[in-house]
Every structure is written in structure tokens, then in C-alpha cells.
Amino acid sequence: MTDKMLKFVELDQQTPPKRQVKKRLEDFKEIYDEFIHSKAKEQSSRCSQCGVPFCQIHCPLNNNIPDWLKLAAEGRLQEASELAHSTNNMPEVCGRICPQDRLCEGNCVIEQSGHGTVTIGSVEKYITDNAWDKGWIKPIKITNEINRSVGIIGAGPAGLACAEELRKNRYKVTIYDRYDRPGGLLIYGIPNFKLEKFVVERRTKLLKEGGIKFEQNFEVGRNLSLGELKEKHDALLIATGVYKPREVNLSGHNLKNIFPAMQFLTASNRKGLGDKVEDFDNGQLNAYKKNVVVVGGGDTAMDCVRTAIRQNAKSVKCLYRRDKENMPGSAREVYNAEEEGVEFIWLSNPKKFIGSEKIKSVLAEKIKLGDADSSGRKKPVSIPNSEFEIKADMVIKALGFDPENLPKLFGDPNLNISKWGTIKINLKSMETSIPGIFAAGDIVRGASLVVWAIRDGRDAASSILKYLESKKINRTKAA
Ligand SMILES: Cc1cc2nc3c(=O)[nH]c(=O)nc-3n(C[C@H](O)[C@H](O)[C@H](O)COP(=O)(O)OP(=O)(O)OC[C@H]3O[C@@H](n4cnc5c(N)ncnc54)[C@H](O)[C@@H]3O)c2cc1C
Ligand code: SF4
């Protein structure tokens with residue numbers, strides 16, 4: 001970490017108790033190592049080139065990690081970047097936000113032998129950022145465009161990866177997205193301090209320059225039904241993600257200043273992108289000088305608590321019903337949040353939201369972990385008469401997301417969904433119950449990871465290519 005990033009200032013004494021709260025200068029703009037060349041080289045050289053690359057096996061994209069580490073160690077950075085791009089459409093994004101401790105790095109043989117993992121994600125980021133800086137990353141060039149088109153619904157990582165693979169194969173591609181900017185959760189969900197927006201924007205710009213069309217502010221179900229869109233294309237991909245927030249239906253849940261996580265994070269991301277956000281500017285969605293309580297223990301909850309800290313909240317508390325060891329969020333994120341002054345109240349559940357018009361406090365109860373349920377996780381059980389009150393000016397609900405009702409939204413009851421609302425696909429072909437319509441990403445898996453969305457997008461592209469070739473459709477429907 002650079003000296004600049006390591007400079008800390010103490011916050012005033014009114015901020016959360018016990019822990020000595022530290023706040024990075026420059027509005028916490030950066031959390032990453034500025035991975036200078038020598039450090040990348042040093043880390044790459046640490047790879048033992050072991051015979052069984054567990055890191056590669058545990059990377060959802062099966063990235064050829066040992067080989068690009070070797071190339072980076074030898075200073076052959078352009079080749080390293082080309083190799084990284086051969087399996088991944090956004091290596092610089094994954095290098096920044098993959099939970100490496102659960103994937104590649106957690107399975108590094110050097111880590112397993114107790115000597116600390118090779119920092120694979122940082123090297124991946126370094127290799128790709130360097131390639132961008134050097135101008136080695138170029139838009140796709142098509143000489144002989146095929147007269148067939150694919151429509152993609154959703155400009156998140158699954159849709160973008162699929163679009164790029166299809167375009168490389170000379171097909172016409174149009175991406176439809178209901179937001180004003182492409183990127184999906186990379187733009188409006190994940191905060192800027194984890195993934196800087198320019199990193200996403202330069203990728204989508206490159207795709208546009210490669211001839212992929214983007215139709216923003218276009219919502220399937222509102223602008224056109226699924227069937228109407230299918231009429232315009234030879235095949236479709238649904239990659240719409242999951243956006244329905246899980247509710248906390250407790251007494252007082254309608255009080256003012258209780259927000260779903262995405263509303264809070266989107267406002268903050270829009271502000272960062274320079275948009276005018278009335279509800280942020282009038283203070284409603286701004287945590288400044290507020291006592292903030294975040295309910296939930298996943299990565300979205302961690303993004304909320306860390307965003308609130310950066311907005312200079314008076315205090316930030318995270319209520320989670322299990323203990324630290326059983327938290328779904330990445331250990332690294334919890335560590336970062338604790339470092340920054342977030343107070344975790346483990347083994348606690350909200351019971352009631354208290355206030356007259358606005359939220360004033362949360363009544364919570366203590367929890368103990370009981371027997372394991374069918375998934376093997378210990379069940380949280382309430383401890384009688386253990387209630388306690390937490391002062392709150394703002395509550396953020398971060399309990400996860402479910403799929404929207406797509407057959408209804410898209411106006412197509414023939415689209416089969418699972419009991420969880422995710423789209424059912426043929427696992428081999430990724431085709432939905434409607435011929436010629438495929439699906440990928442969170443809308444199939446449920447809330448997951450960017451790296452899995454990219455993997456699904458790439459797999460879907462392979463299946464769509466096979467489908468188009470087998471159908472020998474030789475006309476273009478798209479405008
Ligand atoms: C707050 C937060 C933080 C996260 N942090 C991480 C992290 O650190 N690391 C990580 O790996 N993963 C993280 N994730 C998960 C990751 O962002 C998702 O798994 C990934 O973005 C899923 O990609 P996707 O393409 O399937 O969907 P999305 O990224 O959700 O994109 C779907 C797109 O479809 C569009 N859309 C939806 N409905 C319609 C419609 N009817 N018509 C047109 N367009 C539509 C949406 O506007 C959106 O742009 C995080 C998620 C959240 C919510
Ligand atoms: S894509 Fe993710 S899991 Fe794979 S090597 Fe990169 S950081 Fe590791």
C-alpha cells in the first residue's frame with residue numbers, strides 16, 4: 001500500500017466506541033495496493049509452478065494462472081495480458097473484486113503450506129491495467145459480418161461477456177438494458193472504492209467501438225414483450241440479474257429512513273458518477289452524521305457499512321444473526337469493515353423498528369446457534385428476554401435478493417422458472433423452455449459472483465453459436 005493510502009487520521013471521539021476508528025485520507029478513494037511493477041514481479045516469481053494448479057481449478061474461469069504468473073515474472077506483460085484475456089472478458093474487474101480468499105488464492109499451494117498466498121488477483125489487475133495503459137487492448141475488428149443477430153437482455157457481466165464472444169465470431173449483437181448506463185451491478189451495485197467506475201466504462205466503450213449496439217433505458221416487458229423482441233433477432237439471451245430485495249416485515253418497517261440496500265448503494269454510486277441525486281442531496285439517502293444500522297451479513301451488507309463510513313456516518317453498526325465464523329460475506333470484507341470502524345453486533349436479530357414518523361431505534365434480540373439445518377448451517381434460535389435497543393437514524397436492509405417474476409414482467413407464461421423464481425435452463429445448452437432463448441448469470445444461479453456471470457456469459461455464447469449454426473438461419477431480423 002502506498003504511503004498516501006496508509007495515511008490515516010483519527011475521527012472524532014463521537015464515532016463508534018471501543019475500536020479506534022481510522023479514516024483514510026482522500027475520502028477512502030482507494031483500497032488497493034498500487035501494484036508497482038517490481039511488486040507484481042516479486043509476487044509472480046513466488047509461484048512454485050506446482051504440478052497440480054489448484055488455483056486454476058478453483059477459478060470459475062479456469063484461468064491459466066501459473067502461465068500468466070510466469071510470463072509476468074519474466075516481464076512478458078503483453079503475452080501475460082493476452083493469455084489472461086483468452087479465458088476472461090474482464091480480468092481487471094475480477095482481479096479487483098473476486099473473493100480470491102474463497103477461490104484461486106485460497107487454494108494456492110504456497111498458502112496451504114503456510115507461507116502466504118501469491119496475490120493472484122492483484123497480479124491479474126496489474127497485468128490488465130498495464131495493458132490498458134500501454135494501449136494493447138483494442139476493440140474487436142470485424143471484416144466479414146455475418147447477417148444474423150442476437151439480442152441480449154441485460155448489460156451486466158453475463159450479458160457483456162456473451163456479447164463480446166458473439167461479436168468476436170462476427171455476429172450482430174444488440175444489448176438492451178433498463179438502466180441509463182451499461183454494466184449492471186458493476187456500475188450501480190458495487191461501490192467505487194472496490195471497483196472504480198472508469199474501469200467498467202472503458203470496457204463498455206471498447207465493446208461499443210467493436211460494433212456491439214447498446215439500447216439503454218429499454219426495459220423488456222415495458223418497451224417490448226419477450227416475444228416481440230424475439231421477432232427482431234435470431235436468438236436471445238436473458239441476463240437480467242436478481243433485483244427483488246428480501247424484506248424485513250417487522251413492526252415499524254414502513255417508518256421513514258429505512259431503505260433497501262440497492263437504493264442506498266445506487267444513490268451513492270450515482271453521486272460518484274456525477275449525477276444529480278435529489279434524495280442524496282436532501283440528506284435522506286446520505287449517512288452523514290447519522291447513526292446507521294445495517295441488517296444482514298453478506299457482501300452487500302459489507303458494501304453498505306463501508307459506504308456509510310465513507311459518508312462520515314456518526315456510527316455504523318451491523319446486525320447479523322449468526323457469528324463471525326458463519327457470516328456469508330467474504331472474510332476480507334469483514335476485516336476491512338472492522339478496520340474502518342464498523343461495529344458488528346453478532347448473533348442478533350431485529351425484532352421491531354421503533355419511531356413515530358422516522359426510525360429512532362431498532363429493538364433487537366440475542367440469538368444462539370442451534371442444531372444444523374438441512375444445508376448443514378447451524379440454525380439461529382432466539383434467546384428469550386434478551387431484547388436490547390440500538391439508536392438509529394437510518395436503517396439499511398441488506399438481506400439479499402430474489403428474482404423478479406419474469407414470466408409476468410416479460411408477458412410470457414411459457415418461460416419456465418424454478419421454485420426460487422430463477423430461470424430454468426437446459427444445463428448443457430443453457431436454453432430456456434422457449435427455443436432460441438437462452439439465459440445466464442444471476443437470473444439462473446441466484447445472487448452469485450461476477451466471475452460466475454462472466455463464465456455463464458461465455459458458455460451461453462458457445463451454445464448460441466451452436467444453435468445459430470445448426471439452425472442455418474440466414475437472414476437478419478435486427479434493424
Ligand atoms: C452490492 C453488491 C456488491 C457485490 N459485490 C460483489 C463483489 O465484490 N464481487 C463479486 O464477484 N460479486 C459481487 N456482487 C455480485 C455481482 O455483482 C453479480 O453476481 C453480477 O453482477 C451478476 O451479473 P449479471 O450479469 O447476471 O447481472 P447484473 O449485473 O445484475 O446485470 C443485469 C442487468 O440486467 C438489466 N435488466 C434487468 N431487468 C431488465 C429488463 N426487464 N429489461 C432490460 N434490462 C434489464 C439490469 O438493468 C442490469 O443492468 C455484488 C452484488 C451486489 C448487489
Ligand atoms: S478470475 Fe477471480 S478466481 Fe479467477 S484468477 Fe482471477 S481473481 Fe482468481
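Each ligand, and each atom within it, is numbered from 1 in the order the structure gives.
In this structure Ser225 satisfies the side-chain contact (heavy atoms from CB on, under 4.5 Å) test together with Glu228, sequence neighbours excluded.
Of the candidates Ser448, Ala447, Gly189, Ser448 brings a heavy atom nearest to atom 14 (N) of ligand 1. Considering each of Pro157, Ala261, Pro245, the one bringing a non-hydrogen atom nearest atom 23 (O) of ligand 1 is Pro157. Here the shortest heavy-atom distance to atom 25 (O) of ligand 1, taken over Ala158, Ala398, Gly183, belongs to Ala158.
In this structure, the protein non-hydrogen atom closest to atom 41 (N) of ligand 1 is Val220 O, 3.1 Å. Given atom 6 (Fe) of ligand 2, the protein heavy atom at minimum distance is Glu124 OE1, 2.3 Å. Here the heavy atom of the protein found nearest to atom 4 (C) of ligand 1 is Ile190 CG1, 3.4 Å. Scanning all protein heavy atoms for the shortest distance to atom 2 (Fe) of ligand 2 gives Cys98 SG, 2.5 Å. Ranking protein heavy atoms by distance to atom 8 (Fe) of ligand 2, first place goes to Cys104 SG, 2.3 Å. Of all protein heavy atoms, the one lying nearest to atom 4 (Fe) of ligand 2 is Cys59 SG, 2.4 Å.
In the vicinity of Gly441, heavy-atom distances shorter than 4.0 Å reach the ligand 1 atoms 26 (O). Below 4.0 Å from some heavy atom of Leu103 lie the following atoms of ligand 2, by number and element: 3 (S).
By the 6.0 Å and 45° rule, Arg178 stacks over the aromatic ring of Tyr243.
Neither the backbone nor the side chain of Val242 comes within 4.0 Å of ligand 1, counting heavy atoms alone.
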